[in-house]
There are 2 protein chains.
Amino acid sequence: MGRDAQADDLEVRLRLAGLKVTAPRVAVLGVLATSGHLDAEAVFSQVSTPLPKTSLQAVYGVLAALVSAGLVRKIEPAGSAALYEARVGDNHHHMVCLNCKSVEDVDCVVGESPCLTPSNMNGFAVQTAEITFWGLCSQCQTAVP
Amino acid sequence: MGRDAQADDLEVRLRLAGLKVTAPRVAVLGVLATSGHLDAEAVFSQVSTPLPKTSLQAVYGVLAALVSAGLVRKIEPAGSAALYEARVGDNHHHMVCLNCKSVEDVDCVVGESPCLTPSNMNGFAVQTAEITFWGLCSQCQTAVP
DNA sequence: CAGTTGTTTTGATTTACTCAAAACAACTAT
DNA sequence: ATAGTTGTTTTGAGTAAATCAAAACAACTG
């Protein structure tokens with residue numbers, strides 16, 4: 001078995017989700033566990049260092065499998081390619097910088113549940129509420145005044 | 001001058017926004033005033049009836065001009081092409097059907113302002129909060145149980 | 001009504017992503 | 001251990017949405 005504790009953990013997560021354990025899957029999950037909010041190209045480029053034979057299409061396939069298994073969350077902010085993060089299970093939201101498009105997590109929203117009820121449902125059965133905060137990150141506030 | 005009250009109104013709106021009044025712009029704005037949440041292709045196809053010589057690229061150009069003039073709002077729900085609506089100036093939100101991707105407006109959110117403050121700002125200067133409610137529209141609830 | 005500025009057309013190009021067939025690798029059960 | 005089955009990855013092509021650029025054209029200015 002693997003002698004690397006983190007790799008073992010990733011393997012366990014894959015197995016528990018009913019997925020076969022493959023090198024590309026472990027690598028992609030490892031990349032996302034370290035740094036979130038990456039697009040497919042960025043994941044591909046990070047995976048390419050340890051696994052140079054992995055194709056971009058494989059990365060797309062792995063990401064799709066991980067998302068549908070619930071191990072990875074996909075977000076699609078306006079103006080960006082789809083981004084992936086390994087933080088799942090909590091219903092957290094995102095702040096996106098209007099200038100540099102960087103994304104930060106928002107742990108929760110004050111007064112959360114009662115406030116996120118749409119006022120006119122019109123027969124619509126709401127399952128989730130997704131909030132995106134748009135503004136300027138601290139870097140871009142000083143750099144682009 | 002035009003003898004059509006609605007067309008006149010659209011022309012006034014364009015002029016007030018500092019835009020030149022052209023047939024494609026009046027037509028696009030007219031289409032969006034009637035039915036919202038259309039993608040560029042849908043706008044193009046509706047504009048093509050009265051103005052068959054208008055190109056799809058012109059529609060993209062018109063939409064971009066209208067959006068940056070503040071006459072039209074662009075939304076980009078995950079999994080859909082960009083959608084455009086003429087309802088601007090109010091900060092309303094949207095409900096998107098997970099099944100048929102149809103979009104409905106949400107006039108406001110109960111308890112609105114105080115609730116939409118992210119709990120950890122981390123130096124991020126929030127300008128707007130955008131909420132997307134995901135669920136099933138009334139049609140798809142009965143059709144796809 | 002001529003000139004200037006900005007818009008639209010025409011046509012090519014890009015980006016992000018998807019599809020499909022064949023080669024290959026992981027898990028299963030012997 | 002190993003053969004078989006199932007599912008994954010590679011390879012290569014293809015698509016949709018949107019963007020870019022140059023030339024033709026139209027709207028507003030004076």
Side-chain angles (χ1 to χ4, degrees), chain A residues 1-2 7-8 10-29 31 37-45 47-48 50-69 71-72 74-84 101, chain B residues 1-2 7-8 10-29 31 37-45 47-48 50-69 71-72 74-84 101:
Chain A
M1 305 289 159
D8 280 356
L10 300 176
E11 287 191 27
V12 169
R13 280 202 252 168
L14 287 167
R15 263 183 241 282
L16 286 175
L19 295 175
K20 285 187 182 174
V21 175
T22 68
R25 284 177 176 175
V26 174
V28 167
L29 205 48
V31 164
H37 315 126
L38 300 178
D39 63 18
E41 286 281 356
V43 172
F44 171 63
S45 106
V47 166
S48 290
L51 298 174
K53 296 187 63 179
T54 304
S55 68
L56 176 58
Q57 286 81 343
V59 170
Y60 274 108
V62 168
L63 289 170
L66 295 178
V67 167
S68 78
L71 295 179
V72 163
K74 178 187 189 177
I75 62 173
E76 301 177 53
S80 299
L83 302 177
Y84 299 87
K101 305 291 179 191
Chain B
M1 308 284 158
D8 280 353
L10 300 177
E11 287 191 26
V12 170
R13 280 202 252 168
L14 287 168
R15 262 182 242 283
L16 285 175
L19 295 175
K20 286 187 182 175
V21 176
T22 67
R25 285 178 177 175
V26 174
V28 167
L29 204 47
V31 164
H37 311 129
L38 301 177
D39 64 17
E41 286 282 354
V43 172
F44 171 63
S45 108
V47 166
S48 290
L51 299 174
K53 297 188 63 179
T54 304
S55 67
L56 175 58
Q57 286 81 344
V59 171
Y60 275 108
V62 168
L63 288 170
L66 295 178
V67 167
S68 77
L71 295 178
V72 163
K74 179 186 190 179
I75 61 172
E76 300 177 55
S80 299
L83 303 176
Y84 299 86
K101 305 289 177 191

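Reminder, nothing fancy here: chain letters follow the sequence lines and each chain counts from 1. When reading the values below, keep in mind they use all heavy atoms of this one structure, side chains included, and skip hydrogens, waters and symmetry mates.
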Taking CZ from F44(A) and P from dC17(C), how many angstroms apart are they, rounded to a whole number? 14 Å

For a side-chain contact (heavy atoms from CB on, under 4.5 Å) with V43(B), tell me which candidate from V62(B), V59(B), L83(B) qualifies. V59(B)

Could you note down all residue pairs passing side chain to side chain donor-acceptor pair (under 3.5 Å) where residues 52-64 of chain B supplies at least one of them, sequence neighbours left out? none

If I compare all heavy atoms of L19(A) with all of A69(A), which pair ends up nearest, and what's the gap? CD1-CB, 3.8 Å

A correct 5'-to-3' footprint of nucleotides 10-20 of chain D, with B, S and - meaning base, sugar-phosphate only and no protein heavy atom under 4.0 Å, is BBBB---SBBB

Closest non-hydrogen atoms of R25(A) and K20(A), given as atom of the first, atom of the second and distance, are NH1-O, 3.0 Å

Atom pairs, N/O to N/O, protein against nucleotides 27-30 of chain C, distance under 3.5 Å?
residue, atom, partner, partner atom, Å
dC27(C), OP1, R15(A), NH1, 3.3
dC27(C), OP1, V21(A), N, 2.6

Minimum-distance pair of heavy atoms, taken over all atoms of L56(A) and A40(A): CD1-O, 4.1 Å

Could you go through L14(B) and T22(B), starting from their C-alpha distance and side-chain angles, then the distance that decides it, and tell me whether this counts as side chain to side chain contact (heavy atoms under 4.5 Å, CB included)? CA-CA 9 Å; L14(B) 287 168; T22(B) 67; over 6 Å; no

For K101(A) and dT15(C), what is the distance between atoms NZ and P respectively, to the nearest whole Å? 17 Å

Give the residues of residues 61-69 of chain A touching DNA chain C, defined as any heavy atom closer than 4.0 Å, sorted by residue number. none

Please report how far the helix from dC1(C)-dG30(D) to dT30(C)-dA1(D) bends, comparing the axis fitted to its first five pairs with the axis fitted to its last five, to the nearest 10 degrees. 40°

Looking at every non-hydrogen atom in both residues, tell me the closest pair between A78(B) and E76(A) and how far apart they are. CB-OE2, 3.4 Å

Minimal heavy-atom distance between A42(B) and L38(B), with the atoms involved, is CB-CB, 4.1 Å

Contacts of V67(B) meeting side chain to side chain contact (heavy atoms under 4.5 Å, CB included) (sequence neighbours excluded), chain-then-number -> V72(B), K74(B), Y84(B)

Search all heavy atoms of L71(A) against all heavy atoms of A17(A) and return the closest pair with its distance. CD1-CB, 3.8 Å

Out of curiosity, L63(B) CG to L29(B) CG, how far, rounded to the nearest 0.5 Å? 10.0 Å

